[in-house]
Number of protein chains: 2
Amino acid sequence: MAAAIALADEAGLGAMTMKAIAVRLGDYSPMALYRYVHNKEGLVDLMLDAATAEIPLPARPGGDWRSDLYGLAMDSRRMTHRHPWYAQLVHTRPPAGPHMMRRLEFMLTVLTGEGATVAAAMTYAALVDRHILGSGLQEAEEARLDRRYGLDDTAKLVAAIRALHGLAVADGGVPHLAGWLAQPTGFTADEQFALGLDFLLDGIARRLAKPAEE
Amino acid sequence: MAAAIALADEAGLGAMTMKAIAVRLGDYSPMALYRYVHNKEGLVDLMLDAATAEIPLPARPGGDWRSDLYGLAMDSRRMTHRHPWYAQLVHTRPPAGPHMMRRLEFMLTVLTGEGATVAAAMTYAALVDRHILGSGLQEAEEARLDRRYGLDDTAKLVAAIRALHGLAVADGGVPHLAGWLAQPTGFTADEQFALGLDFLLDGIARRLAKPAEE
DNA sequence: CGGGGAAAGTGTACGTCATATACGAATCGT
DNA sequence: ACGATTCGTATATGACGTACACTTTCCCCG
């Protein structure tokens with residue numbers, strides 16, 4: 001499992017073949033792995049839960065629900081940053097790993113501690129996780145494209161953007177987009193993530209404030 | 001392309017093989033497709049843009065930015081609901097289809113019309129899209145699991161939840177989750193989507209209100 | 001109308017994967 | 001030291017995407 005994680009970290013999901021994993025473990029045959037894992041899906045399940053286990057989880061909520069959730073989201077994001085494959089794989093398997101459960105339980109505890117029903121807390125947690133995973137997915141895609149085309153430098157990236165820009169200009173009718181592509185500046189990915197997270201937490205806060213909602 | 005879309009709609013991405021597409025078009029050979037498409041990725045690009053084209057796009061913004069974005073998000077969601085594969089594929093390809101560009105341009109127009117910079121508008125649009133696609137991805141996963149195990153009835157679903165519940169109880173330490181699994185009620189997917197969308201739009205509204213932000 | 005060339009479609013072959021099955025080798029407890 | 005269990009391999013199969021060379025079909029022009 002560690003070998004599979006290392007492989008996927010370094011070379012992407014596509015490189016994580018049973019053969020490659022076996023070789024990395026010491027020039028074994030691919031079939032040797034099947035002594036320890038039912039099939040590749042089983043291996044993926046292990047990887048997902050192992051990665052989830054890397055997210056530090058306080059033993060119990062601190063006093064402030066908002067910073068509890070904010071911190072958990074940030075730690076989760078850091079993990080998806082270390083393991084870009086996480087966001088890609090998590091949607092391919094039922095979510096039943098023990099560490100995933102404990103993480104969700106933590107969020108539920110924090111939210112119900114503020115008066116939310118469990119049902120509402122599930123929804124809020126789902127919204128926050130959607131944000132985290134969506135962000136992770138986008139960055140994983142960028143990493144993949146980087147790997148595929150020029151990893152060496154930003155030269156090719158610039159060329160790609162220029163090509164896009166050419167398309168946009170040729171299209172006509174997309175002036176804002178064309179303008180932005182000419183000079184693509186703006187929020188960093190981290191700022192964007194924090195902003196979205198704040199929006200969601202603000203919304204949750206407003207709902208927690210009104211008692212006896214539903 | 002239409003055949004590929006129909007196949008993916010009906011039987012999932014896994015069934016969308018070049019052979020299956022060719023057969024659906026009239027018992028052709030798989031290789032016949034390569035006269036019209038460079039490779040499968042090219043076909044996927046076409047599918048993505050064709051699906052994006054299904055999202056109705058007003059010629060120009062209406063008066064109310066919020067309902068413009070709300071409507072667009074809802075229409076987009078309806079499309080991802082018709083085409084569950086969309087959310088799965090969109091993250092595997094660079095986002096350069098002309099209809100995608102036009103859709104993004106619409107969002108930028110709406111937001112910059114309210115005083116946002118293009119950079120800020122890009123961020124807001126990304127946040128909303130992340131929500132839409134995350135939601136679509138989750139529902140696609142459910143559809144996939146449904147297809148894979150008992151499509152016939154909810155009996156197997158209940159069994160699966162019961163199994164999860166068993167795990168959760170056995171785990172101990174996850175009381176809220178175990179309780180919810182025993183009686184999984186709460187927001188519908190539509191309610192959850194609308195709630196998250198409102199959170200995001202609220203956040204954007206607050207930022208638009210403050211002039212000269214950054 | 002008939003011939004020539006482009007367009008359309010096919011057959012075959014290859015490489016990569018995951019994985020089933022059957023077999024051999026190593027190791028460990030007694 | 002021996003026998004069983006555990007570990008690893010060899011081989012084969014069936015998807016799949018797709019390169020390449022070939023044949024068929026069709027249409028346009030003289």
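Every chain is numbered from 1 and lettered A, B, ... according to where its sequence line falls, protein lines coming before strand lines.
The distance between atom OH of A:Tyr28 and atom C1' of C:dG24, rounded to the nearest whole Å, is 17 Å. In this structure, B:Leu33 atom CG and D:dC16 atom C1' are separated by 14 Å, rounded to whole Å. Rounded to whole Å, atom C1' of D:dG17 lies 5 Å from atom OH of B:Tyr34. B:Lys19 has its NZ atom 11 Å from the P atom of C:dG11, to the nearest Å. If you take CD1 of B:Ile21 and C1' of C:dG9, they are 17 Å apart, rounded to a whole angstrom. Whole-Å rounding puts the A:Met18 CE to C:dA20 P distance at 10 Å. For the pair B:Met16 CE and D:dA15 C1', the computed distance is 15 Å after rounding to whole Å. What separates NE2 of A:His38 from P of C:dT21 is a distance of 13 Å, to the nearest Å.
Across all strands shown, A:Met31 has heavy atoms under 4.0 Å from base atoms, whether or not it also approaches the sugar-phosphate.
Summarising the local packing, NE2 of A:His91 is surrounded by more than 12 heavy atoms from other residues, nucleotides or ligands at distances under 6.0 Å. Heavy atoms of other residues, nucleotides or ligands lying less than 6.0 angstrom from NZ of B:Lys19 number 12 at most.
Nearest-nucleotide positions on DNA chain D for B:Lys40 and B:Arg35 put B:Lys40 closer to the 5' end.
At D:dG17, one or more side-chain N or O atoms of B:Thr17 fall inside 4.0 Å of OP1 or OP2 (strictly under the cut-off). Residue A:Tyr36 places at least one side-chain N or O under 4.0 Å from the OP1 or OP2 atom of D:dG8.
Residues A:His83 and A:Glu54 have side chains that bring a donor and an acceptor to within less than 3.5 angstrom of each other.
Between B:Phe199 and A:Tyr124, the ring planes are tilted. Angles from 30° to 60° get that label.
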